[in-house]
**Q** 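Sharing a structure below in structure tokens format, with a few things to ask.
Proteins come first, then strands; the chains are lettered A, B, ... in the order of their sequence lines, and each starts at number 1.
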Amino acid sequence: MKIGYPCINLSIGCTTNSTFRLKNYSERNLIEKVNNNLDCLQKILEFNLKHNLLFFRMSSDIVPFASHPINKFNWQKYFKNRFEEIGNFIKKYDFRISMHPDQFVLLNSPDKKIVQNSIKELIYHCEVLDLMGLDKTAKVQIHVGGVYYDKKESIKRFVRNYQQLPAMVKSRLVIENDERLYSIIECLSIYQETGIPIVFDYFHHSCLNKGETYLEGINMALKTWQKKDGLMITDYSTQKKGARTGTHTEHIDLKDFENYIQSTLYLDFDIMLEIKDKEKSALKALKILKKWRR
DNA sequence: AGTTGTCAAGCTAGT
DNA sequence: ACTAGCTTGACAACT
């Protein structure tokens, strides 16, 4: 079991998300920013290694405008060696890596243009992982998408569009239960049509479920992961007090997390902590993990 | 030097 | 009709 946090480290003082405005697009700008982002990624991974946080979600912003039509630059070739170096570091120390494209990636949109843009964006994410030389346990995680007034039809559309994806995307893509639209049960119906593994999101499941407990939910998701996919990935967070339903907490709820760990000792999976204070909570979570596991 | 409106992209629910 | 929230800040023009 590995534990990690997404995209941003708050104590190092660098970011992998540096970018520029579209109107300022130039190859020079792009190269400068990607160099900066990759340097920072390396630093974050070194920090994580030192602290035994071996699961990391890489930012989608490493290559700004990667899938935008303005970008004709062969960044894949230009940064090949740098990606490979970082990939070697990841493999040497046995990190688990994932990525999470943002809310604009919608495979089940009725709008063909949106689907096309989404596929381009997915290809970009998978290219990064391929360039790093990571195996298919490095996953790209998305939500099912919108409902568009007809959930059944929208699920069908997801399945149809999934089947059209290039193999390099299919082999990495996983879906996650969300907090408002698609519960774990509905993800399972997509799994049955596609074989796509399901990320179990503990917090989202608490917001939206069909009566199954989180232990039932996590066991349902577990069955969708094959050996080639690596350990099941799960997301963990809790509700921010006083905020609207679905808002992630600022700091980890240690009591809830310890209960979660205690109740799942018989399972093996990786945990991504979607908590706003990032590595601070991840380090606390790791302590609890060590108390209960080995 | 610090503040603040805006930034490629979508959807939903709440105000 | 507008906007917070999503996984989330960073840029750049302005004071």
**Q** List the steps and the verdict of side chain to side chain contact (heavy atoms under 4.5 Å, CB included) for Lys280(A) and His251(A).
**A** CA-CA 8 Å; Lys280(A) 290 177 179 64; His251(A) 312 288; over 6 Å; no

**Q** How is Ile70(A) classified with respect to the nucleic acid when contacts are heavy atoms under 4.0 Å: base, sugar-phosphate, or nothing?
**A**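 Ile70(A): no heavy atom of the nucleic acid under 4.0 Å.
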
**Q** To the nearest Å, give me how far apart CG (Asn37(A)) and P (dA10(C)) are.
**A**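 From Asn37(A) CG to dA10(C) P: 10 Å.
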
**Q** Between dA1(C) and dC7(B), how far is it from one P atom to the other, in whole Å?
**A** 22 Å

**Q** Which nucleotide in the list dA9(B), dA13(B), dA12(C) gets nearest to the side chain of Asn24(A)?
**A**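 From the listed options, dA12(C) comes nearest.
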
**Q** Heavy atoms from C-beta onward define the side chain here; which of dA8(B), dT8(C), dT12(B) lies closest to that of Val147(A)?
**A**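 The answer is dT12(B).
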
**Q** Between dG5(C) atom P and Arg180(A) atom CZ, what is the distance in whole Å?
**A**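 Answer to the nearest Å: 12 Å.
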
**Q** Give the rounded distance in Å between these two atoms: NE2 of His204(A) and P of dT12(B).
**A** 16 Å

**Q** Quick check on DNA chain C: between Thr16(A) and Glu179(A), whose nearest nucleotide comes earlier from the 5' end?
**A**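 The residue whose closest nucleotide sits nearer the 5' end is Glu179(A).
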
**Q** When you measure from the side chain of Lys276(A), which nucleotide among dA9(B), dA12(C), dC6(C) comes out closest?
**A**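 Closest of the options to the side chain of Lys276(A): dC6(C).
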
**Q** Centroid-to-centroid, Phe200(A) to Tyr214(A), below 6.0 Å?
**A** no

**Q** Let's see if you can work this out: which of dT12(B), dA9(B), dC11(C) has an atom nearest to the side-chain heavy atoms of Thr19(A)?
**A**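 Shortest atom-to-atom distance from the side chain points to dC11(C).
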
**Q** Can you tell me how far C1' of dA10(C) sits from CZ of Phe20(A), to the nearest Å?
**A** 13 Å

**Q** Let me know the distance between CZ of Phe65(A) and P of dC7(B), rounded to the nearest Å.
**A** 11 Å

**Q** Could you tell me how far dG2(B) sits from dT8(C) if I compare only their C1' atoms? Round to whole Å.
**A**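 After rounding to an integer number of Å, I get 22 Å for this pair.
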
**Q** Going by distance alone, is a donor N or O of one side chain under 3.5 Å from an acceptor N or O of the other, for Tyr260(A) and Asp253(A)?
**A**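 Short answer, no.
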
**Q** Identify whether any heavy atom of Lys23(A) sits under 4.0 Å from a base atom; if not, whether one sits that close to sugar-phosphate; answer base, sugar-phosphate or nothing.
**A** sugar-phosphate

**Q** Using only heavy-atom distances, determine whether the side chains of Asp111(A) and Tyr148(A) contain a donor-acceptor pair under 3.5 Å.
**A** no

**Q** Give DNA chain C the dot-bracket treatment, 5' to 3': Watson-Crick (N1-N3 with N6-O4 or O6-N4) or G-U (N1-O2, O6-N3) under 3.5 Å, [ ] crossing, | other strand.
**A** ||||||..|||||||

**Q** Less than 6.0 Å separating the ring centroids of Phe56(A) and Tyr5(A)?
**A**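 Yes, the ring of Phe56(A) comes within the 6.0 Å limit of the ring of Tyr5(A), centre to centre.
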
**Q** Could you tell me if Ser11(A) and Glu279(A) have a donor-acceptor pair between their side chains, going purely by distance under 3.5 Å?
**A**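 Checked: Glu279(A)/Ser11(A) side chains pair up, N/O donor to acceptor below 3.5 Å.
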
**Q** Does Lys33(A) reach a base, just sugar-phosphate, or nothing at all? Heavy atoms under 4.0 Å.
**A** sugar-phosphate

**Q** For the base of dG10(B) and the side-chain ring of Phe104(A), does the geometry meet a stacking cutoff of under 5.5 Å between centres and under 30° between planes?
**A**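 No, Phe104(A) does not stack on the base of dG10(B), since the centre distance and plane angle fail the 5.5 Å and 30° test.
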
**Q** Rounded to whole angstrom, note down the P distance from dG5(C) over to dT3(B).
**A** 22 Å

**Q** At under 4.0 Å between heavy atoms, what does Tyr148(A) touch on the DNA or RNA strands: base, sugar-phosphate, or nothing?
**A**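 Here Tyr148(A) touches the backbone only, sparing every base.
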
**Q** Contact class for Val105(A) vs. all strands (heavy atom < 4.0 Å): base, sugar-phosphate, or nothing?
**A** nothing

**Q** List in numerical order all residues of residues 106-116 of chain A for which some heavy atom is under 4.0 Å away from an atom belonging to DNA chain B.
**A**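 DNA chain B contact set from residues 106-116 of chain A: Leu106(A), Ser109(A), Ile114(A).
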
**Q** Students often get this wrong, so: under 4.0 angstrom with heavy atoms, is Thr15(A) touching a base, only sugar-phosphate, or nothing?
**A**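 The residue Thr15(A) makes sugar-phosphate contact but no base contact.
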
**Q** Between Lys2(A), Arg57(A), Lys139(A), Arg96(A), which is the residue that forms a salt bridge (charged side-chain N to carboxylate O under 4.0 Å, His left out) with Asp270(A)?
**A** Arg96(A)

**Q** For the pair made of CE in Met272(A) and P in dT8(C), what is the distance, rounded to whole Å?
**A**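 Spelled out: CE on Met272(A) to P on dT8(C) is 12 Å.
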
**Q** Given the P atoms of dT6(B) and dA4(C), what is the spacing between them in whole Å?
**A** 13 Å

**Q** Please walk me through it: do Lys255(A) and Glu258(A) pass salt bridge (Lys or Arg N to Asp or Glu O under 4.0 Å)?
**A** CA-CA 5 Å; Lys255(A) 216 172 149 187; Glu258(A) 185 156 17; over 6 Å; no

**Q** Return the value, rounded to whole Å, for the distance between atom NE2 of His248(A) and atom C1' of dA4(C).
**A**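 Taking atom C1' of dA4(C) as the reference, NE2 of His248(A) is at 13 Å.
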
**Q** Has the side chain of Gln103(A) got a donor or acceptor that lies under 3.5 Å from a partner of the other kind on the base of dT8(C)?
**A**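 For Gln103(A), whose side chain was compared with the base of dT8(C), there is a donor-acceptor pair (under 3.5 Å).
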
**Q** Is Tyr266(A) atom OH crowded by more than 12 heavy atoms from other residues, nucleotides or ligands, each under 6.0 Å away?
**A** yes

**Q** Aromatic ring centroids of Tyr182(A) and His143(A) under 6.0 Å?
**A**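 No; His143(A) has its ring centre 6.0 Å or more from that of Tyr182(A).
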
**Q** Find the distance Asp150(A):CG to dT12(B):P and express it as a whole number of Å.
**A**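 So the two atoms are 12 Å apart, to the nearest Å.
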
**Q** Which side-chain N or O atoms in residues 121-128 of chain A pair as donor and acceptor under 3.5 Å with protein atoms at least two apart or in another chain?
**A**
| residue | atom | partner | partner atom | Å |
| --- | --- | --- | --- | --- |
| Glu121(A) | OE1 | Ser67(A) | OG | 2.6 |
| Tyr124(A) | OH | Ser60(A) | O | 2.8 |
| Tyr124(A) | OH | Val63(A) | N | 3.2 |
| His125(A) | ND1 | Glu121(A) | O | 2.8 |
| His125(A) | NE2 | Ser60(A) | OG | 2.8 |
| Glu127(A) | OE1 | Gln76(A) | NE2 | 3.0 |
| Glu127(A) | OE2 | Gln76(A) | NE2 | 3.3 |

